[in-house]
Every structure is written in C-alpha cells, then in structure tokens.
Amino acid sequence: MKHFLYILILLSVLSSCSEYQKALKSEDIAEKFKLGDSLYSQGKYEKANKLFAQIVPSYRGKPQAEKLMYLYSNTFYKMKDYYTAAYQFERFASSYPASEKVEETTFLSAKSYYMLSPEYAKDQTETKDAIEKLQNFLNLYPESEYAVEANQLFKELDFKLEKKAYEIAKQYALIAPGFTKDFNAAIKSFDNFIFEFPGSVLREDALFYKFDAAYQQAMNSVENKIVSNMIVPLRKNRLAQAKEYYTTFKKSYGNSKYIAEADKMALTIEEELKNYSNKS
C-alpha cells in the first residue's frame, strides 16, 4: 500500500513538472497565466515568476494585466528579491492608481526598502531611502491597516541611524583597535548627535561621553597655546568647558548610571581649577 502511495505521489510530481515545462514552451499566454496563478497559490513563487515574466508584455492594456502585475510583483517579494520587488510594486502603484491593491503595494514597496537596510555599522543609504518611502506611505495612508507596522519599521530604521551616529562619535573618544582618540571630533560628533536626535534613548550616553571626552582632553592638555602671538591658557579653559558639560549632564540625568563616575571626574576638575585660583 505504501509503495502504491509513493508511486502516486511520484506520478503526480512528474505530471506537474511536465505540465510546467510544457507551459514554459507554449505560445498560449492564457495557459501560462492560469498555471502561474495556480503555482502562486501553492507558494511556488519561482515557477510562477518565470511564467509571468514571459507574458507580462503580452497583457499590457488588457483587463487581466492588473492582476498579473500584482502577482508578478509579489513573486519577487516572496522570493526575497527586494530590489526588484520595490521597483515592481512602485510600477504597479503608478500604473494602477485606482486599484484596490495600490495601498498594499505602496506599503510593500516601502517594506522592500526596509528589508534592504543593512546593519547599523554599514553604509546607511538604503536605510535613509527606506525611511523616506515609509514616511511617504504614512503621509498618503495615515489610517491604513498597515500604518502600525509602517510606524514600527520607521522607528527601527530611525534608531539604526541614531546608533550609527552615536557609535561614530564614541569611537573618536574611546580606545578601540584601529582608532586613535580625537577628542575634538568626539565632542563635535556628540553635539551633532544630540542636535539631530534630541529625543534619542541614547541621549544620556551621548551627554556623558561628551563630558568624558572633554574631561580626558583637559586632563591631558598642554598648559598653554600661542594663538596670534598671545598665550592662551588652554588647559584651564578646557577644564572650565568640561565643568560646563558636567553641569548640563547632571541637570538632565541626576540619577544616571554614570553619575557616580561623573561626580568623581567633576571633583577632580574642581581641584585642578582651584590650583589655578591659588596660583593667581
């Protein structure tokens, strides 16, 4: 009995393959469409895609073209070919603006861009493109059934940009393989980060490491610097600047996980500044 079932299954598979190969070689576009639709429903997206690709040009301007293009676009998405899916979904939306599927395809186009976004450490061009596409979708369809998911995807991508900017600033200030400390660049980068992402969950960290960078720079600074034939008290000025950063940090995050370390650093700064007062 088991052998009989295996034979039936084998015959069914062979018949299906034979039908598919026959349709690929056929000139009958209706046959290709029908089989492609069936294969799509079965989740056989690659096979459906190959059949649809053969008949797309022949269906332009015909009533069935809208359905064909919708299914064709979706096969790329299901196959995880997100570059092509994004393009085909956009093409569908522009070709059939009155379609009941236009909202869905506009969202799936934006989501395709989201799927192309790399990890935060890499170039974020695709991330920025995806954010723009998702924002455009939300502007067009604020009450969409896909709006909740679109907002979540948007937040994920936005945080990825925050993380990228934060890590760039941090690497200037901390010792890491392949990096040299650049305190001026770190302070400027943290300033840019805080300005660009004022509501970021990383703001506390950014303010602390900005203060930490200023502290390390001051403590390791030369005493004076000649600027335009004038002697500038460089170390003293940097200590005073670091003190300002500490004040800003403590005012915003008095209960921070970094507060004990920050207080200790601030005490050292006060002692150093007192030495200058005593000298004067």
Side-chain angles (χ1 to χ4, degrees), residues 5-118 122-123 125-138 140-141 144-147 149-150 153 157:
L5 287 174
Y6 291 146
I7 291 171
L8 283 178
I9 292 170
L10 180 61
L11 289 173
S12 176
V13 170
L14 291 174
S15 174
S16 175
C17 290
S18 175
E19 182 184 9
Y20 174 67
Q21 292 298 328
K22 180 182 176 183
L24 281 176
K25 298 174 183 178
S26 173
E27 297 296 324
D28 188 340
I29 61 174
E31 178 188 353
K32 291 178 188 285
F33 195 166
K34 182 179 179 181
L35 181 58
D37 191 4
S38 175
L39 290 169
Y40 179 92
S41 299
Q42 297 172 50
K44 298 177 181 179
Y45 302 114
E46 289 189 27
K47 287 185 174 182
N49 177 273
K50 288 182 180 179
L51 288 170
F52 292 152
Q54 290 184 344
I55 61 176
V56 163
S58 301
Y59 272 91
R60 287 194 184 117
K62 295 185 178 181
Q64 305 95 321
E66 181 181 328
K67 179 181 179 180
L68 173 61
M69 290 307 300
Y70 171 76
L71 295 176
Y72 184 51
S73 301
N74 257 306
T75 57
F76 289 108
Y77 185 81
K78 298 293 187 181
M79 290 159 55
K80 298 184 179 181
D81 181 356
Y82 297 117
Y83 279 109
T84 308
Y87 168 76
Q88 291 295 345
F89 282 132
E90 287 181 342
R91 185 180 175 193
F92 178 92
S94 63
S95 299
Y96 306 100
S99 170
E100 63 178 18
K101 298 291 187 180
V102 72
E103 179 180 322
E104 178 189 354
T105 53
T106 302
F107 170 69
L108 288 175
S109 176
K111 190 173 181 179
S112 295
Y113 281 97
Y114 163 85
M115 299 300 292
L116 292 168
S117 173
K122 296 183 179 179
D123 179 78
T125 300
E126 284 92 351
T127 301
K128 293 175 183 176
D129 290 340
I131 286 175
E132 181 182 350
K133 298 297 181 180
L134 285 164
Q135 186 62 67
N136 288 342
F137 171 77
L138 289 166
L140 285 170
Y141 305 102
S144 170
E145 63 181 291
Y146 307 106
E149 185 179 358
L153 299 181
L157 295 174

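Atom set for the values below is all heavy atoms of this structure, side chains included, hydrogens, waters and symmetry mates excluded.
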Would you compute the distance between atom [atom1] of [X] and atom [atom2] of [Y] and round it to the nearest 0.5 angstrom?
X: S117; Y: K122; atom1: OG; atom2: NZ; result: 11.0 Å
X: K25; Y: K32; atom1: NZ; atom2: NZ; result: 11.0 Å
X: L68; Y: Y40; atom1: CG; atom2: OH; result: 12.0 Å
X: Q42; Y: K47; atom1: CD; atom2: NZ; result: 9.0 Å
X: L116; Y: Y82; atom1: CG; atom2: OH; result: 8.5 Å
X: T106; Y: N136; atom1: OG1; atom2: CG; result: 10.0 Å

Can you list the residues that meet the side chain to side chain donor-acceptor pair (under 3.5 Å) rule with [X], with sequence neighbours excluded?
X: S26; result: E31
X: S144; result: E103
X: D129; result: none
X: Q64; result: none

Only counting residues at least two apart or in another chain, list the ones meeting side chain to side chain contact (heavy atoms under 4.5 Å, CB included) with [X].
X: A150; value: F107, L134, F137, L138
X: K128; value: L161
X: A30; value: D28, Y59
X: L140; value: none

Please lay out, stage by stage, how Y20 and L51 fare under the test side-chain contact (heavy atoms from CB on, under 4.5 Å). CA-CA 9 Å; Y20 174 67; L51 288 170; 3.9 Å; yes
Go through it in stages, so that I can follow the logic: the residues are S41 and D37, the test is side-chain contact (heavy atoms from CB on, under 4.5 Å), and I'd like the CA-CA distance, side-chain angles, deciding distance and then a yes or no. CA-CA 6 Å; S41 299; D37 191 4; 4.0 Å; yes
Of all residues at least two apart in sequence or in a different chain, which pass the salt bridge (charged side-chain N to carboxylate O under 4.0 Å, His left out) check with K34?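 Applying salt bridge (charged side-chain N to carboxylate O under 4.0 Å, His left out) to K34 gives none.
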Results of salt bridge (charged side-chain N to carboxylate O under 4.0 Å, His left out) for E46 - residues two or more places apart only: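 With sequence neighbours excluded, E46 shows a salt bridge (charged side-chain N to carboxylate O under 4.0 Å, His left out) to no residue whatsoever.
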Closest non-hydrogen atom pair, G36 against A48: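 The answer is O-CB, 3.4 Å.
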Donor-acceptor pairs are to be reported for all side-chain atoms of residues 88-99 against protein atoms at under 3.5 Å, with residues two or more places apart or in another chain.
residue	atom	partner	partner atom	Å
E90	OE2	Y113	OH	3.3
E90	OE2	K133	NZ	3.1
S94	OG	E90	O	3.3
S94	OG	R91	O	2.9
S95	OG	R91	O	2.8
S99	OG	E66	OE2	2.7
S99	OG	K101	N	3.0

For the pair S73 (side chain) and A85 (backbone), establish whether a donor and an acceptor sit closer than 3.5 Å, ignoring hydrogens and angles.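 Not confirmed, S73 side chain does not pair with A85 backbone.
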Are the side chains of Y72 and I55 in touch, meaning some heavy atoms are under 4.5 Å apart?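 No, their side chains stay 4.5 Å or more apart.
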Non-hydrogen side-chain atoms of T105 and M69 separated by less than 4.5 Å: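 Of all side-chain heavy-atom pairs linking M69 with T105, none is under 4.5 Å.
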Residue list, ring pair (Phe, Tyr, Trp, His ring centres under 6.0 Å) with Y70, at least two apart or on another chain: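 Y70: no ring pair (Phe, Tyr, Trp, His ring centres under 6.0 Å) contacts found.
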Just checking Y87: does its OH atom have more than 12 heavy atoms from other residues, nucleotides or ligands closer to it than 6.0 angstrom?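 Atom OH in Y87 is not crowded, with 12 or fewer foreign heavy atoms closer than 6.0 Å.
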